[in-house]
Each structure stands twice: as structure tokens, then as C-alpha cells.
Visitor: 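Mind looking over this structure? Questions follow.
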Amino acid sequence: MRVNAKDLFSGLIFIGIALIGLWLNTDHALGTARRMGPGYMPWLTFMLLFALGAVIAAMALFSGPDPLERWAWREISLVLLGMCTFGLLLERGGLFLSSAAMIGIASLADRSHRPLGVLGVTVFLLALCWWVFIHELDIRVSVWPQFR
């Protein structure tokens, strides 16, 4: 059997995250597909993540040797720092500032990024976030910074 260690490890991580999420979601009512409760979408998302992890792990058993390499700690840290910055800035900084900060910090993970490309992606993603979350889904979050 030729095991792909990268895919096997990734699949097991997906399965682990899904199991933790399903366990944390046990307090929420599921409801039905027609009348969804607060736990329905998280349950569905974690079930899909579990299935995806199982498929990836199963395929890893037959996809050939591909050993694990050294972890890219710098890249992982910058992406996680960007996500944490988004969470910390969202309430006071608004959707645009927190999203732009997240994109800017996470873009530093790629050593070959071009500032003009990052600016273009940032503008596109800000417009997309506004259209999806504010305009279409009508989520009540401030778009601009709140100075109190």
C-alpha cells in the first residue's frame, strides 16, 4: 500500500475538526430542512467536512507516497494572525477595515506577493463582502469604523 502522508494527515485533521464541531453543536436545535433551527447549518457544514475528510483520508491510502515536509510556520502564523485581527477589529473597525487588515496581513504569507495585486484583490473582496453580507443577506454589521 502506497500511503500519501500529506493527504492522510489533512483528512484526519478535517475529521477531527468536524467531530469537535459536531460535539459543540449538540446544544442547538437542528430543526428540519424546511424550518431550520440554529444548529442546522453548523451541523450540515460539519457533516460535509467530516465526509470530505473521510474521502481525502481514504484516497490517501492509494495515491502514492508523498511524505510530509517541514511545516511552513511563518505562513500559518500570518494567516491565523490575519483571521484574529479580523475578529478583533470587526465590532469597532467595521467590515471594510477588518477585512482589509485581514487580507493585508495574510498576504504577507506569500513572499512573492505584489502590492498592486493585493490591492486589487482587497477591493474586489470588499465589494463582494458588502454585496453578499450587507446587501443580499442583510446582516447587521457596521461597514465603516465606529468612533465612540
Side-chain angles (χ1 to χ4, degrees), residues 1-28 30 38-148:
M1 184 181 316
R2 302 173 344 170
V3 177
N4 185 331
K6 289 179 186 177
D7 287 351
L8 181 63
F9 190 62
S10 298
L12 292 176
I13 287 175
F14 284 177
I15 289 171
I17 291 171
L19 290 174
I20 291 169
L22 288 169
W23 176 67
L24 290 173
N25 193 41
T26 55
D27 292 340
H28 298 99
L30 290 179
Y40 189 84
M41 280 307 293
W43 176 83
L44 183 62
T45 303
F46 288 123
M47 289 302 286
L48 289 172
L49 184 63
F50 183 87
L52 179 65
V55 168
I56 290 172
M59 289 177 59
L61 299 176
F62 306 103
S63 63
D66 194 5
L68 286 174
E69 296 172 4
R70 188 172 84 64
W71 281 58
W73 289 109
R74 177 183 178 274
E75 290 82 0
I76 292 171
S77 300
L78 283 168
V79 170
L80 290 175
L81 179 64
M83 292 168 49
C84 291
T85 302
F86 175 83
L88 292 172
L89 280 179
L90 183 60
E91 187 176 343
R92 288 265 176 134
L95 181 66
F96 284 174
L97 179 64
S98 59
S99 297
M102 176 186 63
I103 295 165
I105 292 170
S107 71
L108 297 174
D110 182 13
R111 294 182 196 269
S112 65
H113 77 279
R114 296 190 331 251
L116 192 58
V118 173
L119 180 65
V121 167
T122 302
V123 169
F124 171 75
L125 289 175
L126 291 180
L128 182 67
C129 285
W130 175 85
W131 184 73
V132 169
F133 296 114
I134 306 299
H135 184 262
E136 291 297 320
L137 295 176
D138 198 28
I139 293 178
R140 304 290 178 191
V141 63
S142 61
V143 176
W144 300 107
Q146 300 295 312
F147 300 107
R148 295 178 201 173

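The first residue of the sequence shown is numbered 1, and numbering continues consecutively from there. Because the structure is predicted, anything quoted here is derived from the model rather than measured.
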Visitor: For L126 versus A100, what's the shortest heavy-atom pair and its separation?
Guide: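 Looks like CD2-N, 4.1 Å.
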
Visitor: Taking atom CG of L12 and atom CZ of F14, what is their separation to the nearest 0.5 Å?
Guide: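 Interatomic distance, L12 CG to F14 CZ, rounded to 0.5 Å: 11.0 Å.
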
Visitor: Can you check whether L95's main-chain N or O pairs, donor with acceptor, with S98's side chain at less than 3.5 Å?
Guide: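 Yes, the answer is positive, given that a donor and an acceptor are paired below the 3.5 Å cut-off.
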
Visitor: Look up atom CD in E136 and atom CH2 in W130, then write down how far apart they are to the nearest 0.5 Å.
Guide: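 Rounded to the nearest 0.5 Å, the CD-CH2 separation comes to 8.5 Å.
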
Visitor: A101 and T85: which non-hydrogen atoms are nearest, and at how many Å?
Guide: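 Between these two residues, the closest heavy atoms are CB-CG2, 3.9 Å.
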
Visitor: Please state whether the rings of Y40 and W43 are parallel, tilted or perpendicular, taking 30° and 60° as the class boundaries.
Guide: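 Y40 and W43: tilted rings.
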
Visitor: Rounded to the nearest 0.5 Å, what's the gap from CG on L49 to OG1 on T45? Could you check?
Guide: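 Between atom CG of L49 and atom OG1 of T45 there are 9.0 Å.
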
Visitor: Does the side chain of I13 reach to within under 4.5 Å of the side chain of F9, using non-hydrogen atoms?
Guide: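 With C-beta onward as the side chain, the pair touches.
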
Visitor: Distance from F50 atom CZ to L22 atom CG, nearest 0.5 Å?
Guide: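 Reported value, rounded in 0.5 Å steps: 8.0 Å.
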
Visitor: Mind listing the closest non-hydrogen atom pair of M83 and M102 along with its distance?
Guide: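 What the structure gives for the nearest pair is N-CG, 4.1 Å.
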
Visitor: Calculate, to the nearest 0.5 Å, the distance between atoms CG and OG belonging to L108 and S77 respectively.
Guide: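 Separation between the atoms: 12.5 Å.
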
Visitor: Tell me if the CZ atom of F86 is crowded by more than 12 foreign heavy atoms within 6.0 Å.
Guide: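 Check passes, neighbour count above 12.
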
Visitor: Would you say V118 and T122 make side-chain contact, with heavy atoms under 4.5 Å?
Guide: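 Yes - at least one pair of side-chain heavy atoms lies under 4.5 Å apart.
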
Visitor: Which pair of non-hydrogen atoms, one from G39 and one from L30, has the smallest distance, and what is that distance?
Guide: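 Closest approach of G39 to L30, heavy atoms only: O-CD2, 3.3 Å.
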
Visitor: Looking only at heavy atoms, which two atoms of D7 and A60 are closest? And how far apart?
Guide: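 Heavy-atom minimum between the residues: CB-CB, 3.5 Å.
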
Visitor: Could you report the tightest heavy-atom contact between I105 and G82, atom names first, then the distance?
Guide: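 Closest pair (atom of I105, atom of G82, distance): CG2-N, 3.7 Å.
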
Visitor: Rounded to the nearest 0.5 Å, how far does CG of L90 lie from OG of S142?
Guide: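 Atom-to-atom, S142:OG and L90:CG are 6.5 Å apart.
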
Visitor: Side chains of I15 and I56: does their closest heavy-atom pair fall under 4.5 Å?
Guide: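 They are not in side-chain contact.
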
